[in-house]
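In what follows, a single structure is set out as structure tokens and then discussed.
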Amino acid sequence: MLQIFTSEHKHWDRVIGNINFALRTAPSATTGITPAMATFLKELRPFWDNRDVAYDAPFDPERPHDALRMLMSRMANLLKTAISNKGKAQMKQKINYDKHRSDVQFEINDLVLIKTYALSKAAIRYSQSLEDRYKGSYVIIKKISSNAYEIAKPITLQSKGPVNVSEMRLYIPSDKPAGWPIADIDDDNEENLTAPSQTNPVASSDEKSATS
């Protein structure tokens with residue numbers, strides 16, 4: 001906002017008052033209420049506004065409780081409005097978020113790839129844009145929730161911790177390494193290693209194309 005009001009960079013401090021006024025009188029996108037109204041229970045008026053707008057009734061020294069009840073009623077109405085607008089804003093944000101998110105579910109022993117977040121390093125001539133977007137593969141050993149799974153290395157089953165489904169992608173190899181163990185979790189959450197022949201093999205892309 002400073003860039004809009006400041007043509008000369010050495011005079012930027014002259015418009016701080018105007019910027020503060022704009023921020024304090026702008027309605028919140030979540031609550032629909034301005035910071036001034038939430039703080040002072042009334043809107044701030046610019047100096048050029050000469051309208052005779054009265055937010056409060058004339059104060060009667062003999063009946064001070066009337067003014068207090070009016071302020072408490074206004075505060076309760078503001079709080080009710082803010083909570084209602086907050087719920088509507090959260091629902092709108094959820095709808096927009098769900099538009100770009102698919103409901104993906106994985107199974108125990110599924111092989112997955114994990115999204116990478118490497119940073120470029122010029123000193124070692126490493127470019128993040130040339131790095132693979134996903135690394136792996138890893139095997140799912142535990143379902144923590146509907147959108148989080150615990151993964152591990154396929155051979156050693158060394159846990160890599162929980163990962164969100166948005167960071168995972170199903171990996172279907174052409175063939176499995178011979179003799180690799182697969183995590184088998186029973187009802188008591190105990191891990192047992194079973195031979196690959198005792199589990200359902202992961203179908204390769206070539207096998208799926210041949211059967212379809």
Side-chain angles (χ1 to χ4, degrees), residues 1-3 26 28-32 82-212:
M1 190 175 292
L2 278 173
Q3 295 176 348
S28 169
T30 302
T31 62
I83 293 176
S84 176
N85 291 340
K86 179 182 177 181
K88 295 177 181 178
Q90 289 177 340
M91 182 59 64
K92 183 179 179 180
Q93 293 170 1
K94 180 181 183 303
I95 293 175
N96 292 333
Y97 176 80
D98 291 342
K99 289 180 180 179
H100 306 283
R101 180 183 182 276
S102 57
D103 186 15
V104 180
Q105 297 294 324
F106 297 96
E107 301 294 336
I108 304 299
N109 294 331
D110 277 351
L111 294 177
V112 294
L113 301 176
I114 305 303
K115 186 179 294 186
T116 60
Y117 293 95
L119 299 178
S120 300
K121 296 180 180 180
I124 60 175
R125 295 184 177 182
Y126 173 80
S127 176
Q128 185 271 339
S129 60
L130 301 178
E131 182 64 39
D132 293 335
R133 297 290 182 88
Y134 290 84
K135 65 179 181 179
S137 62
Y138 298 97
V139 61
I140 295 178
I141 61 174
K142 182 180 180 181
K143 182 176 181 179
I144 300 176
S145 64
S146 59
N147 61 347
Y149 296 84
E150 183 177 355
I151 64 173
K153 294 182 178 180
I155 303 299
T156 63
L157 293 183
Q158 180 182 358
S159 176
K160 301 290 289 185
V163 180
N164 191 275
V165 292
S166 61
E167 311 293 322
M168 302 165 58
R169 174 183 292 181
L170 185 64
Y171 173 67
I172 302 179
S174 56
D175 56 352
K176 292 182 180 179
W180 72 296
I182 301 177
D184 184 18
I185 302 178
D186 54 24
D187 296 335
D188 297 330
N189 293 328
E190 296 180 353
E191 295 185 1
N192 299 318
L193 298 184
T194 59
S197 59
Q198 297 175 353
T199 60
N200 295 327
V202 180
S204 64
S205 57
D206 296 335
E207 294 173 351
K208 283 193 171 184
S209 59
T211 57
S212 60

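Please read these numbers as outputs of a predicted model, since none were measured by experiment.
In this structure, CG in Asn164 is found 7.5 Å from OG in Ser145, a value given to the nearest 0.5 Å. In this structure, the separation between CD1 on Ile151 and NZ on Lys153 is 10.5 Å, given to the nearest 0.5 Å.
Judged purely by distance below 3.5 Å, without hydrogens or angles, the side chains of Glu167 and Tyr149 never pair a donor atom with an acceptor atom.
Shortest non-hydrogen contact noted between Thr116 and Tyr134 is CG2-C, 4.0 Å.
Heavy-atom contacts from other residues, nucleotides or ligands closer than 6.0 Å to CD of Glu107 number 12 or fewer.
Screening Ile144, Ile114, Asn147 for a side-chain contact (heavy atoms from CB on, under 4.5 Å) with Val163, the sole residue that qualifies is Ile114.
Considering only heavy atoms from C-beta on, Glu150 stays 4.5 Å or farther from Ile140 through its side chain.
Checked by atom type and distance alone, the side chain of Asn109 never pairs as donor or acceptor with a backbone atom of Val139 at under 3.5 Å.
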Enumerate, atom names and distances included, each donor-acceptor pair closer than 3.5 Å involving a side-chain atom of residues 85-92, sequence neighbours excluded.
{"from": "Asn85", "atom 1": "ND2", "to": "Thr31", "atom 2": "O", "distance (Å)": "2.6"}
{"from": "Asn85", "atom 1": "ND2", "to": "Thr81", "atom 2": "O", "distance (Å)": "3.3"}

